[in-house]
Number of protein chains: 2
Amino acid sequence: MQVNSVEPDFVQLSAQLKLLAHPERLRILDAIRRAPECVCHLEVLLGKPQPYVSQQLRILREGGLICDARDGLNTYYCVCDLRVRAWLDAILGPVDAQSAHTVLSGCGCPKCVRVALPLVVEFTPGG
Amino acid sequence: MQVNSVEPDFVQLSAQLKLLAHPERLRILDAIRRAPECVCHLEVLLGKPQPYVSQQLRILREGGLICDARDGLNTYYCVCDLRVRAWLDAILGPVDAQSAHTVLSGCGCPKCVRVALPLVVEFTPGG
DNA sequence: ACACTACATGCAAAATTCTACATATAGTAT
DNA sequence: ATACTATATGTAGAATTTTGCATGTAGTGT
């Protein structure tokens with residue numbers, strides 16, 4: 001009978017950690033652990049070309065660190081795995097509730113414009 | 001005035017995580033977070049040649065993840081940084097108190113023989 | 001059908017990391 | 001001094017990762 005702690009699988013664990021251990025991917029994870037974000041939003045956030053961002057997302061997705069959900073043309077990525085969220089909490093600090101989604105100036109993604117647009121509409125005279 | 005959370009340094013963080021994200025180094029860290037261990041003990045633990053082990057230890061040491069203390073001929077390594085210990089707790093699970101140092105059969109390091117030897121000495125007749 | 005938008009994929013050169021092994025050093029004992 | 005033990009360092013070829021870019025695809029509106 002195996003007592004309690006089975007030796008951790010260092011090979012598999014380190015393989016997943018390797019995906020985390022990358023400046024741009026870590027930045028992506030920090031963003032999408034707060035709220036699901038689409039590719040074009042991350043593109044603006046990182047200031048990197050879209051194929052580059054998609055490639056890093058693929059690496060994270062195939063490694064099982066993130067999952068994606070489609071909405072029309074947009075694909076939203078988020079950190080679904082609770083274990084990965086715990087890793088990020090330990091590494092980057094826990095995510096505080098108020099910082100859910102950050103609106104980026106110059107980002108045309110639905111989550112960024114859907115907030116900005118109504119403010120303009122409300123100012124139209126004779127509404 | 002900066003409100004609260006300064007953006008984490010993703011470059012530096014990922015550089016340190018990269019050192020962690022390696023099967024043999026992760027295994028080393030798991031061992032020495034429980035108790036300080038010398039190189040020859042880790043050599044037996046990993047089943048890798050000594051220069052290989054020393055090299056991984058150097059990488060971890062120069063990255064600031066571990067520190068070393070000399071005792072005679074032996075050099076004992078341990079995880080001194082509390083932040084790194086927290087990472088390891090999150091990744092490998094917290095270390096339970098009873099598993100401090102594991103005696104390895106075939107290891108001639110002081111910590112492994114110092115435990116085995118007295119048991120024999122005590123059995124000498126007319127002690 | 002056509003164009004457009006958001007995103008994915010494939011590929012290759014450059015950079016980095018990994019691993020093995022030869023060799024060096026530093027402390028210890030005689 | 002000499003020999004021995006424990007550990008450190010240097011180096012090079014192999015393997016992997018990183019990054020940039022060209023191109024492909026899948027939904028959406030007209």
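The chains referred to below are lettered A, B, ... by the order of the sequence lines, with proteins before strands, and numbering in each begins at 1.
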Among [options], the nucleotide that comes nearest once only the side chain of [X] is considered:
X        : options                   : result
Lys48(B) : dA22(C), dT7(D), dA20(C)  : dA20(C)
Arg61(A) : dA8(C), dG10(C), dT19(C)  : dA8(C)
Arg58(B) : dG27(C), dG10(D), dT28(D) : dG10(D)
Leu73(A) : dA26(D), dA20(C), dT7(D)  : dA26(D)

Grab the [atom1]-[atom2] distance between [X] and [N] for me, whole Å please.
X        : N       : atom1 : atom2 : value
Asn74(B) : dA8(D)  : CG    : P     : 10 Å
Gln56(B) : dG10(D) : CD    : P     : 16 Å
Asp68(B) : dA26(C) : CG    : P     : 15 Å
Ile32(A) : dC7(C)  : CD1   : P     : 13 Å
Leu57(B) : dA6(D)  : CG    : C1'   : 13 Å
Leu46(B) : dT7(D)  : CG    : P     : 13 Å
Leu60(B) : dA8(D)  : CG    : P     : 12 Å
Ile66(A) : dC7(C)  : CD1   : P     : 13 Å

Could you tell me whether a side-chain N or O of [X] sits under 3.5 Å from a main-chain N or O of [Y], the two making a donor and an acceptor?
X         : Y        : answer
Arg85(A)  : Val79(A) : yes
Gln16(B)  : Gly63(B) : yes
Arg25(A)  : Ala21(A) : no
Asp9(B)   : Gln12(B) : yes
Lys111(A) : Pro36(A) : yes

N/O donor-acceptor pair, side chain [X] with base [N], under 3.5 angstrom:
X        : N       : result
Gln50(A) : dA8(C)  : yes
Glu43(B) : dA6(D)  : no
Gln55(B) : dT11(D) : yes

May I ask you to evaluate whether [X] reaches the phosphate of [N], defined as a side-chain N or O under 4.0 Å from OP1 or OP2?
X        : N       : answer
Tyr52(B) : dA20(C) : no
Arg70(A) : dA6(C)  : no
His22(A) : dT19(D) : yes

Study note, to complete from the structure: Between Lys18(A) and Val39(A), the residue closer to the 5' end of DNA chain C by nearest nucleotide is Val39(A)

Study note, to complete from the structure: Between Ile59(B) and His41(A), whichever has its closest DNA chain C nucleotide further toward 5' is His41(A)

Name the nucleic acid region contacted by [X], choosing base, sugar-phosphate or nothing; use a 4.0 angstrom heavy-atom cut-off, strictly under.
X         : value
Ser54(B)  : base
Cys109(A) : nothing
Tyr77(B)  : sugar-phosphate

Check your understanding: Is it true that the side chains of Arg61(A) and Gln56(A) contain a donor and an acceptor less than 3.5 Å apart?
Key -> no

**Study point:** Residue mapping more 5' on DNA chain D - nearest nucleotide basis, Pro51(B) or Glu24(A)
**Key:** Pro51(B)

